[in-house]
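Quick note: numbers below take in every heavy atom, side chains included, and nothing from hydrogens, waters or symmetry partners. Within every chain, numbering begins at 1; the chains are lettered A, B, ... in the order of the sequence lines, protein sequences first and strands thereafter.
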Amino acid sequence: MLSFLRNMLEPPWLSFRSLISYLIEECKNTSQLKQIHAQIFTSSNLLQKDHHFFISRLLFFSALSGSGSLSYATQIFRRIKNPNLPIYNIMIRAYASKNSQNHDTHLCQALMLYKHMLSNGISPDSLTLPFLVKECTTRRAIGTGTGIQGQSIKLGFNTDLFVQNSMINFYSACASVSSARKLFDEMLIRDIVSWNSMIIGYLRCGRLDEALDLFRKMKRGNIITWNSLITGFVQGGRPKEALEFFHEMQCLSGDINMAKPDKITIASVLSACAHLGAIDHGKWVHGYLSRSGLECDMVIGTALVDMYGKCGCLERAHEVFREMPKKDTLAWSAIISVFALHGYGKEAFDIFKEMEAEGVKPNHVTFVGLLSACCHSGLVEIGRWCFDIMKRIYRIEPQVHHYACMVDILGRAGLFGEAEELIRNMPIEPDVFVWGALLGGCQMHGNVQLGEKVAQHLIDLEPLNHAFYMNLCDTYAKAGRYNDVQRIRASMKEQGIKKEIPGCSMIEVNGIVHEFSTVGSPDVVMDELVCLLTTLRNEMKANIVLMKN
DNA sequence: GTAGGGTTAG
């Protein structure tokens, strides 16, 4: 490459700047970069004159491209006598966006660089501040972010579109969405990023209707708007509307300016299908993916595994998983959870062994999957072992949902002493799910004595949650104490506690997702379901009679 | 330059 570089130094049609820039961009690794770096240093005076320019190109590649190295960039940076603004911006951006394990250190370094730059008499430009604000958003550094806003006002950048957009994003993600809205309303000029940042802000905090309201007011959304709405509605518990957005996208696809679904759309829509159990939609999206020529990457593969698994197609989920060329922790965790969900405890652990053999490190989600596998398959001893190795071997500190799973395993097995001891020794505060799991066990085994105590505790935590009263009623019923059932029901009535939101399930019939619950369900679906349930009940009764005989 | 994706119990 060096000889090529020497040969190219003279052509009149190619400037040094563009030649070196081209070569830097073509670098595949730090070692090639070092060769060019050396060449710049040993080249003619002409090159030396433009030293800052070449160094900033080198830094840009080394600090920000995937095949560079931040530590090499830092080494170069430390040897620069008087770094200029573009050089500082590259380094601040690199430190602020690097996915380091030690986030706080890097944020500190980004801010230290910023202070260093100011002390060298260099003022930031409109690029510097958004890098810092983005970093504060990722790290949820509220104090620092607010401080940077103060700086931006002082320096007169508070009307810069990029600064304003990054501040909207910062406030909506870290502090308050209403402060973000205030900034948004005060803006004289807004671009698509301003609108998207505000919509995403509302989606993030579950204010879906306000997000929707803003979306309907904006001129035209781009792919990020649509994808954000789909994901936001899935995560906000309204997956049916997420599918409707996708449908709207399809209907508008005739418009040349309409955003075309991309990989992110597919992943989000598959997640919506998984939440709804909408297998026909899911299959259609899978087909669409193949037809569209979009690459089925690891994220989509995982979403497909999850969708097929949650829609009841264990085999298809497994098949998709096997066909995935690369699998990360999330992909392995997804298939483990699918086996767990279907009650295949042993198979979930077989997959786990395979994952370990492949050298993929499990995370806390993997262990939720494994513990729930134990729970659904009644594997008490394996559950205890799993909980132990998670802490001891994998150094993963159990979170509150791991405790909830473990209590569930023990409670279902009627091991109340052990479950209570586990809760007593928890290093974190047990939440309603942990106590709820214990109450579930009491309900199952008719353990009135403990059930009363646990239910009372849960009622103290959430006095208006009807579920705990109902669980207590069921515990009494299981023990044959019907007077107590009546007493609790009367007490609920007296306090005005009722089941406000009816338990709701969804089923897809001929490609249409129907919601059904104890109040208001589509008649066709209910008729079919009642018919099926009657048949099943009669068959079960017949089998019991046969078994008794 | 600032905005978007998959896995977590009950």
Side-chain angles (χ1 to χ4, degrees), chain A residues 64 89-90 92-93 96-97 125-134 137 160-170 172-173 191-201 203-204 221-232 234-235 259 261-272 274 296-307 309-310 321 324 327-338 340-341 362-373 375-376 399-409 411 431-440 467 471:
Chain A
L64 295 166
N89 276 349
I90 290 167
I92 289 172
R93 182 182 167 198
S97 60
D125 63 2
S126 54
L127 268 80
T128 324
L129 298 179
F131 299 147
L132 289 171
V133 175
K134 184 182 182 176
T137 310
D160 178 89
L161 190 58
F162 283 82
V163 174
Q164 285 178 318
N165 287 346
S166 57
M167 284 315 305
I168 288 175
N169 199 38
F170 165 75
S172 72
D191 67 358
I192 182 100
V193 181
S194 326
W195 286 88
N196 283 351
S197 299
M198 200 59 241
I199 289 172
I200 291 160
L203 292 168
R204 223 173 349 223
N222 65 5
I223 188 66
I224 296 182
T225 328
W226 287 94
N227 289 348
S228 304
L229 279 169
I230 294 173
T231 318
V234 175
Q235 289 172 356
D262 66 2
K263 284 198 289 187
I264 298 181
T265 325
I266 301 297
S268 306
V269 172
L270 284 172
S271 173
C296 179
D297 64 10
M298 204 149 52
V299 174
I300 294 182
T302 307
L304 280 169
V305 168
D306 180 56
M307 184 276 292
K310 290 217 176 93
F321 177 76
M324 283 172 72
K327 304 165 185 105
D328 65 356
T329 304
L330 269 72
W332 286 97
S333 302
I335 192 69
I336 288 173
S337 300
V338 167
L341 183 71
N363 69 4
H364 65 109
V365 180
T366 322
F367 280 96
V368 171
L370 290 171
L371 288 169
S372 81
C375 198
H376 290 139
Q399 296 174 5
V400 73
H401 43 270
H402 297 111
Y403 280 98
C405 280
M406 200 59 219
V407 169
D408 201 0
I409 294 169
D431 66 359
V432 287
F433 298 112
V434 175
W435 290 112
L438 187 58
L439 181 59
N471 280 341

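- Comparing B:dG10, B:dA3, B:dT2 against the side chain of A:Asn222 picks out B:dA3 as the nearest.
- Distance from the side chain of A:Asp297 is smallest to B:dG5 among B:dG5, B:dT7, B:dT2.
- The side chain of A:Gln235 places no N or O atom within less than 4.0 Å of a non-bridging phosphate oxygen (OP1 or OP2) of B:dG4.
- Spacing between atom CG of A:Leu439 and atom C1' of B:dA9 amounts to 15 Å, rounded to whole angstrom units.
- The CG-P distance, from A:Leu371 to B:dT8, rounds to 14 Å in whole Å.
- Across all non-hydrogen atoms, the minimal contact from A:Ser172 to A:Ser197 is OG-O, 4.1 Å.
- Judged by atom type and distance alone, A:Asn196 does not reach the base of B:dG4 through any side-chain donor-acceptor pair under 3.5 Å.
- For the pair A:Leu203 CG and B:dG4 C1', the interatomic distance rounds to 10 Å; values are reported in whole Å.
- Taking only side-chain nitrogens and oxygens, A:Ser271 comes nearer than 4.0 Å to OP1 or OP2 of B:dT7.
- For A:His376, the listed nucleotide lying nearest its side chain is B:dG10; candidates were B:dG6, B:dG10, B:dA3.
- Between the P atom of B:dG10 and the OH atom of A:Tyr403 lies a distance of 18 Å, rounded to the nearest Å.
- Looking at the side chain of A:Ala267, the nearest of the listed nucleotides B:dT2, B:dT7, B:dG6 is B:dG6.
- Counting non-hydrogen atoms under 4.0 angstrom, A:Leu229 reaches nothing in the nucleic acid.
- Comparing B:dT8, B:dT2, B:dA3 by their nearest atom to the side chain of A:Ile200 picks out B:dA3.
- When distances are taken from the side chain of A:Thr302 to each of B:dT2, B:dT7, B:dG6, the shortest belongs to B:dG6.
- If you measure from atom CG of A:Asp408 to atom C1' of B:dG10, you get 7 Å, rounded to the nearest angstrom.
- Taking A:Thr231 as the reference, A:Gln235, A:Ser268 meet the side chain to side chain contact (heavy atoms under 4.5 Å, CB included) condition, with sequence neighbours excluded.
- The listed nucleotides are B:dG5, B:dG6, B:dA3; the one nearest the side chain of A:Ile224 is B:dA3.
- Counting non-hydrogen atoms under 4.0 angstrom, A:Ile223 reaches a base of the nucleic acid.
- Residue contacts for A:Met198: at a heavy-atom cut-off of 4.0 Å it reaches no nucleic acid atom on any strand shown.
- For B:dG4, its base never sits under 3.5 Å from the side chain of A:Ser228 at any donor and acceptor pair.
- For the pair A:Leu161 CG and B:dT2 P, the computed distance is 13 Å after rounding to whole Å.
- Contact between the side-chain N/O atoms of A:Asn227 and the OP1/OP2 oxygens of B:dG5 is not found at any separation under 4.0 Å.
- Taking the side chain of A:Cys405 as heavy atoms from C-beta on, and the options B:dG5, B:dA9, B:dT7, the nearest nucleotide is B:dA9.
- The nearest whole Å value for the distance from the CZ atom in A:Phe131 to the C1' atom in B:dT2 is 9 Å.
- Nearest to the side chain of A:Asp306, among B:dT2, B:dT8, B:dA3, sits B:dT8.
- For the residue pair A:Cys296 and A:Gly301, the shortest heavy atom distance occurs at SG-N, 4.1 Å.
- Contact between the side-chain N/O atoms of A:Lys310 and the OP1/OP2 oxygens of B:dT8 is found at a separation under 4.0 Å.
- Rounded to the nearest 0.5 Å, atoms CG (A:Leu371) and CG (A:Asp408) are 10.5 Å apart.
- The aromatic rings of A:His364 and A:His402 stand perpendicular to each other, their planes meeting at an angle above 60°, with 30° marking the opposite boundary.
- Every residue meeting the salt bridge (Lys or Arg N to Asp or Glu O under 4.0 Å) condition with A:Asp297, not counting sequence neighbours, appears here in chain and number order: A:Lys263.
- Residue A:Thr137 holds its OG1 atom at 11.5 Å from CD1 of A:Ile168, rounded to the nearest 0.5 Å.
- Per the geometry, CG belonging to A:Leu304 stands 18 Å off P belonging to B:dG5, to the nearest Å.
- Of the candidate nucleotides B:dG4, B:dG6, B:dG10, B:dG4 has the atom lying nearest to any side-chain atom of A:Asp262.
- Phosphate contact (OP1/OP2 of B:dA3, side-chain N/O of A:Lys134, threshold under 4.0 Å): present.
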